[in-house]
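Written below as structure tokens is the structure these notes are about.
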Amino acid sequence: MAGFDFIKDLPTFFMFLFVLQRLKPADWGYLPHFGDVNRRDITPLEAEKLATEAAEKVRDETGREVPKDFIETRAKEIIKQDSIRTIDLSDMVITGKAAGATATFKGKKDDAIPTRFGLNGRSTGVKRGELSISVDEDGKKKPDQAVALKLSWAEINRTREKAIVDRARKAFEGKKFREGGDPSDYLPEILGEKVFAEFDTDIVRLAVLQNYEAERAKRPLAKRCPVLVLMPKYEPISFITSLSEATRVSLFIALIYCHAMLWSIGIEHGDISEGNLMYEESTYRPKLCDYDLAHIRGRDRPSGHSNTGTWAFMASDLLTLDAMDGKVRRLYRHDFESFIAVLVWVFLRYDKEKRIPNSLVDCWVQDDFDRCLTNRGRTYNLIEHGKITRPEWLTKVMWLELKSLVITFNNILTARRTAERELSGLETRRTRAGVDTSGLSTGGSKNGGAFFAPREDNTTTLWSKEDEEMLASLKRDIEEYDDLRFAKMAFSTIPLFRLGTSLGPYFDKEMKEHLKVTEDQATNVPT
């Protein structure tokens, strides 16, 4: 709401006080569970006062003076203790025989996550800390576990993240994979999930918007409600920049492999970004996380405008006005292009886990999708044409491989666009020739295996059997660019995926063996 002069507009001020008195925190959109997380910090003055009271209590009980630095030390301890905030997660984590036990999340105030309504977006926040469970199913005290707590305002009609991960694990269960080839190894573990259905955002929209149905008709707004997800703490993908270059490449390829296998069973991730690629240090495995925007093929998409993702990494086809209006179909290669963008981003933005100031890719982050695309394209162009020097933290080999990656992938996309233009030209000729979709003439006469159709300029357009075959061939070629066969094409074309001691060839073989992509199985729609 806009500010107002409460003296000149006293009735509005009274109404404001009236509302404040009668609404509970939950009515304002503050979620349960988070009271301790969001409480006000103790000030240094308050901490000193509490420390002084503690000193007086010691003197009264013992009759002795406290050390000179007692109050100062005690005040610091109070402030430190106050920075630790807790959330009761018993209803999310405790099940079965352990009923009656408690599960408490402990984190620092500095990592506070948003707990208010997010009407038009996910408003995702992540808080890291430790999970303390009183006793397990055997009645034993479990050691505290490092975890991450994610809160987001997810679309109600989307399948929940835990359900998607469980679905994937079940699909891969029982299949024979060689060591390192099980896609389940690269999926996150979901320790608990809670949906706050009573905070449906339509409650607010219906109450605030004068004509909600008219507003919804202009641009459908997905219904949302807060969803709390608990998982083990994983390291950001930038962590891998402390590892060898071949290992970094192997980890990225493992994620691409996992993503392709998910796509083969009908799970489309749809949001490949730096924040959603993680690393588990204890197992040395990367993790493909965050399925809030994932789509299960064959089901209706939850919103009329489903061009979701992180602009800095989204495919170029998706950074257009038509795509923003949901008019561009999401394809496998779009996510693959995002993987390439994240790989370049991580290699050029971090060195030994530390962020490089004023890196070449910082300009990708913009508040306008068109500028995101333009700036990313400019970075690729500079790399491709050798107009920037090799970053000192990358070896000559790695720099040449990154350059080759950008060039090769751009060539693949260019070849696809060229095929699409040729297809469009052939279809135009076909239409002018008066040939219907079954290959029969609709206007001319058949002569010598060719079709003829009269033109307004009294010329004749020729459409031959060879043209029809070329048209069908182009359609097949374009389909290969748009489905899972694109992965096979990219792995066999991009030199980086065969780098030295990396596991590129291994995952390439695993993918070909398990996907068994043929022309008849191109889309890999699960039965």
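Predicted model, so just to flag it, every value in this text is computed and none were measured.
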Polar contact flag, side-chain donor to acceptor under 3.5 angstrom, Thr124-Asp292: no

Salt bridge or not for Arg178 and Glu510, using N-O below 4.0 Å? yes

From the options Phe336, Phe339, Tyr291, select the one residue that forms a ring pair (Phe, Tyr, Trp, His ring centres under 6.0 Å) with His259. Phe339

Could you tell me whether Arg329 atom CZ has more than 12 heavy atoms of other residues or ligands within 6.0 Å of it? no

Partner set under ring pair (Phe, Tyr, Trp, His ring centres under 6.0 Å) for Tyr481, not counting sequence neighbours: none

Sequence neighbours left out, what passes salt bridge (Lys or Arg N to Asp or Glu O under 4.0 Å) with Asp182? Give chain and number order. none

To check you understand the geometry: which heavy-atom pair defines the closest contact between Leu288 and Leu262, and what is its length? CD2-CD1, 3.8 Å

What residues form a ring pair (Phe, Tyr, Trp, His ring centres under 6.0 Å) with Phe497, not counting sequence neighbours? Phe491

List for me each residue that meets ring pair (Phe, Tyr, Trp, His ring centres under 6.0 Å) alongside Phe507, sequence neighbours excluded, and say none if there are none. Tyr257

Asn375 side chain to Arg378 side chain, donor-acceptor N/O pair below 3.5 angstrom: yes

When you check the side-chain N and O atoms of Arg349 and Thr241, is any donor under 3.5 Å from an acceptor? no

Quick one: salt bridge (Lys or Arg N to Asp or Glu O under 4.0 Å) partners of Lys162, sequence neighbours excluded? Asp166

Verify the distance criterion only: is there a donor paired with an acceptor across the side chains of Thr408 and Asn411 at less than 3.5 Å? no

Pairs meeting criterion ring-ring contact (aromatic ring centres under 6.0 Å, His included) with involvement of residues 349-381, two or more places apart: Trp311-Phe369, Trp345-Trp364, Trp364-Tyr380

May I ask you to check whether over 12 heavy atoms, not counting those of Glu179, lie within 6.0 Å of atom CD? no

Output yes when Asp36 and Arg85 qualify as a salt bridge under the 4.0 Å nitrogen-oxygen rule, no when they do not. no

